[in-house]
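Structure record follows, encoded as structure tokens.
Order of the sequence lines sets the chain letters (A, B, ...), proteins ahead of strands, with each chain counted from 1.
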2 protein chains.
Amino acid sequence: MSDKDPEKQAGQSQRRSGCPISFSLDIFGDRWTLLILRDLLLHGKRQFRELAGSEEGIATNILSDRLKRLEVSGVLVRERDPNDRRQVIYTTTEKGLGLIPVLLELAAWGAIHDPQTDAPEDFVATYAKDRETVIARTRKKHQR
Amino acid sequence: MSDKDPEKQAGQSQRRSGCPISFSLDIFGDRWTLLILRDLLLHGKRQFRELAGSEEGIATNILSDRLKRLEVSGVLVRERDPNDRRQVIYTTTEKGLGLIPVLLELAAWGAIHDPQTDAPEDFVATYAKDRETVIARTRKKHQR
DNA sequence: CTGGATCCCAATAGATACTG
DNA sequence: CAGTATCTATTGGGATCCAG
């Protein structure tokens, strides 16, 4: 967090290897980033306040930090609402939309192995079937 | 790490919400766990030494900690090699095998968006096509 | 108001050295 | 070989402050 090192401020947290999985994890391999992307991509949230209000209770400094990193990584863009200049709006890019399959696989695995999920098969069947629908819906919602 | 608290030794790091994505991330939402699973599931590694030798250079205490957590979560089992009692062998369970699609989506996204990956489309095409092959191969290798 | 930035301090992750 | 111990660095929570 509170970072004095200009190297890091610039964004590049330097990668650990040439592996594409490692590349992905260097961007969203932590406990919060994918939850933020879930809210943006699957729950249609777009504002800081909405994201901060999620069930898991992310701290505002962490949310702020992750949004910045995602912007630097090109997964989302930050801009003002043209209708209400006070509002900041976060919009996922194509690069961000590409993460929907990752989120759905994560959700599918969780639903199957989480004893708290009621009907895991239904969940998986629904989201597997509607994958393209989810992507289309999010793309529409996140138009600029 | 070095943990005196019996609550935590028991394993349950307590979940943050009822969301299946959050459930998944509570298990492997960190910078290392999915790299270990990559090595087990996609690279056929089975021993501590092999896992410790990966390109990313994981510290042995972290590796040890993550393997313990994954065992508690039921993603893998730890046992001695019957042929060589000195060897410890890590074997993925069905629950663990279920993570292969997650890893492949992660790899696909990384390959497409990583400027260092040469032929991202080929990568995706190959792994998308061979998904079942990968699962079958890993299941065979991780038989007990 | 919303969207953060900052500070403090606790908790966790991690690198390195060392051991049964 | 397969870890543990120790010590340091980083992250995270919570409150508070502040600019537009």
Residue-phosphate contact under 4.0 Å: [X] side-chain N/O, [N] OP1/OP2:
| X | N | value |
| --- | --- | --- |
| B/Arg66 | C/dG14 | yes |
| B/Lys68 | D/dA2 | no |
| B/Gln87 | D/dA2 | yes |

Side chain of [X] - closest among [options]:
| X | options | answer |
| --- | --- | --- |
| B/Ile62 | D/dA2, D/dG12, C/dG14 | C/dG14 |
| A/Phe48 | C/dG3, D/dC1, D/dG12 | C/dG3 |
| B/Ser64 | C/dG14, C/dT12, D/dT4 | D/dT4 |
| B/Asn61 | D/dT6, C/dA13, D/dG12 | D/dT6 |
| B/Gln47 | C/dA17, D/dG12, D/dA2 | D/dA2 |
| A/Arg78 | C/dG3, C/dG14, D/dC1 | C/dG3 |

Grab the [atom1]-[atom2] distance between [X] and [N] for me, whole Å please.
| X | N | atom1 | atom2 | value |
| --- | --- | --- | --- | --- |
| A/Asp84 | D/dG20 | CG | P | 17 Å |
| A/Lys45 | C/dG3 | NZ | P | 13 Å |
| A/Ile89 | C/dT2 | CD1 | C1' | 11 Å |
| B/Trp32 | D/dT11 | CH2 | P | 13 Å |
| A/Arg46 | C/dG3 | CZ | C1' | 16 Å |
| B/Arg69 | C/dA13 | CZ | P | 5 Å |
| B/Glu79 | D/dC1 | CD | P | 20 Å |
| A/Leu25 | C/dA13 | CG | C1' | 16 Å |

*Return the 5'-most residue of the pair A/Val88, B/Asp30 with respect to DNA chain C, ranking by each residue's nearest nucleotide.*
A/Val88
*Where each residue is assigned the nucleotide of DNA chain D containing its nearest heavy atom, which of A/Arg80 and B/Arg49 is assigned the position nearer the 5′ end?*
B/Arg49
_Earlier contact from the 5' end, DNA chain D, for B/Leu67 and B/Arg31_ = B/Leu67
*Does the base of D/dT4 carry an N or O that pairs as donor and acceptor with the side chain of B/Thr60 under 3.5 Å?*
yes
_Which heavy atom of A/Phe23 sits nearest to which heavy atom of B/His113, and what is that distance?_
CZ-O, 3.6 Å
*Taking the side chain from B/Ser73 and the backbone from B/Val75, do they hold a donor-acceptor pair closer than 3.5 Å?*
no
Can a salt bridge be assigned to the pair [X] and [Y] using a cut-off of 4.0 Å between side-chain N and carboxylate O?
| X | Y | answer |
| --- | --- | --- |
| B/Arg31 | B/Glu56 | no |
| B/Arg139 | B/Glu94 | yes |
| B/Arg131 | B/Glu105 | yes |
| A/Asp130 | A/Arg137 | no |

*Contact class for A/Arg85 (heavy atom, under 4.0 Å): base, sugar-phosphate, or nothing?*
nothing
